[in-house]
Each structure stands twice: as structure tokens, then as C-alpha cells.
Amino acid sequence: MRRLAILLAMAMAAPALADSAMPPAELAYSQLPDPAQEARATALMKTLRCLVCQGQSIADSDAEMAGDMRALVRSRIAAGETPDQVRGWLIERYGNWVSYDPPLDRLTWPLWVLPAVLIAAGAWLARGRFRKRKR
């Protein structure tokens, strides 16, 4: 019975222990002093996917990892890197999944071709459906 109580207490405490007790990264919630650099960083952050949430950009996510990624983007932009260099580094580190705009390559070509194929098939079906029937 005692073991069951311990296991139950651990299971109930698990969600509370999910986030770390460390403070957020320095640039996670603060902007860069240079407005031009902040604008470039913000534009880039809106195009990068949160690896925890997966449905939000790192600019919109409150996940701890998204905060770390925002701080990383801001610090690299402040150090003089271009948004394309930062994006390339993140893609190299996390893969194409981190970008909302994956490049066209052998793994992602269906993402680019399939919408055109589906539109063409729908137009072909609609053409046959709306054609006047001969009596």
C-alpha cells in the first residue's frame, strides 16, 4: 500500500516537474536594442516551427525550448549573421522540420507536387461533371 501511495504521488508530481526551474534565456522575452536587427530576428522567428508545439512558430510559442530558440536567433542576429545563415544552421541542427518553408529536395517533393496534382484532378473531374450531357 505504501508503494502504491508513493507511485501515485510521483505520478501527480510529474506535470509540475516538467518545466525546469532555470530562468529563461536572456533574449527569450526581450528585444534587441537595434530595431532593424529585431525586425530581422522577428521575421525569421515567425518562419521557424516550435519543436515542442509543432503547430506554432517559435515567435508564438510559450514552450521553454521555443524561448531558448528565440534567444539563439536574437543572439546570432546580434552577432552579425544573416537570417539565412541562422536558418541554415537551425536546419542543419534540427532538420527541415524546423522550417515552415522546407526546400525542394528528394524527400519533400511530394509536399510541393501533390497540391498541383490534386487541383488538376479536381478540375478534370469538375470538367466532366459540368459538361452538358448529350441526349
Side-chain angles (χ1 to χ4, degrees):
M1 188 67 172
R2 183 174 177 204
R3 288 183 184 166
L4 180 63
I6 292 172
L7 286 174
L8 184 61
M10 287 174 55
M12 290 175 60
L17 300 174
D19 285 335
S20 73
M22 295 180 62
E26 182 181 339
L27 293 171
Y29 295 101
S30 61
Q31 296 184 349
L32 293 171
D34 182 3
Q37 286 181 336
E38 180 61 30
R40 287 194 300 273
T42 302
L44 176 60
M45 288 186 284
K46 289 179 180 178
T47 66
L48 297 172
R49 184 186 318 268
C50 174
L51 300 174
V52 176
C53 306
Q54 299 180 0
Q56 291 180 306
S57 69
I58 63 170
D60 299 329
S61 175
D62 286 331
E64 189 174 349
M65 184 163 187
D68 292 342
M69 290 175 74
R70 284 192 302 271
L72 186 134
V73 166
R74 284 185 175 120
S75 65
R76 285 182 166 257
I77 294 289
E81 290 187 38
T82 66
D84 287 337
Q85 289 173 323
V86 177
R87 176 190 303 283
W89 184 83
L90 287 168
I91 288 173
E92 183 179 308
R93 184 171 182 152
Y94 297 111
N96 287 330
W97 174 253
V98 76
S99 176
Y100 277 123
D101 188 20
L104 180 61
D105 62 12
R106 66 181 179 85
L107 294 175
T108 60
W109 71 266
L111 295 173
W112 295 97
V113 174
L114 194 58
V117 169
L118 291 174
I119 288 172
W124 182 75
L125 287 171
R127 183 183 67 74
R129 184 80 172 159
F130 294 126
R131 186 183 281 175
K132 289 186 178 181
R133 296 183 183 171
K134 294 180 182 179
R135 291 183 184 200

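Computed from a prediction, not measured in an experiment: that's the story for all the values here.
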Dump the intermediate steps for side chain to side chain contact (heavy atoms under 4.5 Å, CB included) on Arg70 and Val73, then the final yes or no. CA-CA 5 Å; Arg70 284 192 302 271; Val73 166; 5.8 Å; no
Do Thr47 and Arg87 pass the side chain to side chain contact (heavy atoms under 4.5 Å, CB included) test, and can you show the C-alpha distance, the side-chain angles, and the key distance before you say yes or no? CA-CA 9 Å; Thr47 66; Arg87 176 190 303 283; 2.7 Å; yes
Can you give me the closest heavy-atom contact between Pro115 and Pro110, atom names plus distance?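 Of all heavy-atom pairs spanning Pro115 and Pro110, the closest is CD-O, 4.1 Å.
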Under the 3.5 angstrom rule, does the side chain of [X] hit a backbone N or O of [Y] as a donor-acceptor pair?
X     : Y     : answer
Ser61 : Ser57 : no
Arg49 : Trp97 : yes
Ser75 : Leu72 : yes

Would a single hydrophobic cluster contain both Tyr100 and Leu44, if residues Ile, Leu, Val, Met, Phe, Trp and Tyr are joined by side-chain heavy-atom contacts under 4.5 Å? no
Is there a continuous path of hydrophobic side-chain contacts, each under 4.5 Å between heavy atoms, that joins Leu118 to Leu125?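 No, separate clusters.
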Between [atom1] of [X] and [atom2] of [Y], what distance do you get to the nearest 0.5 Å?
X     : Y     : atom1 : atom2 : answer
Gln85 : Thr82 : CD    : OG1   : 3.5 Å
Asp84 : Trp89 : CG    : CH2   : 16.0 Å
Ile58 : Cys53 : CD1   : SG    : 11.0 Å
Leu32 : Arg40 : CG    : CZ    : 9.5 Å
Met45 : Asp60 : CE    : CG    : 10.0 Å
Met69 : Arg74 : CE    : CZ    : 13.0 Å

Where do Leu114 and Trp109 land on the side chain to side chain contact (heavy atoms under 4.5 Å, CB included) test, with the steps shown first? CA-CA 8 Å; Leu114 194 58; Trp109 71 266; over 6 Å; no
Could you go through Glu81 and Ile77, starting from their C-alpha distance and side-chain angles, then the distance that decides it, and tell me whether this counts as side chain to side chain contact (heavy atoms under 4.5 Å, CB included)? CA-CA 5 Å; Glu81 290 187 38; Ile77 294 289; 5.5 Å; no
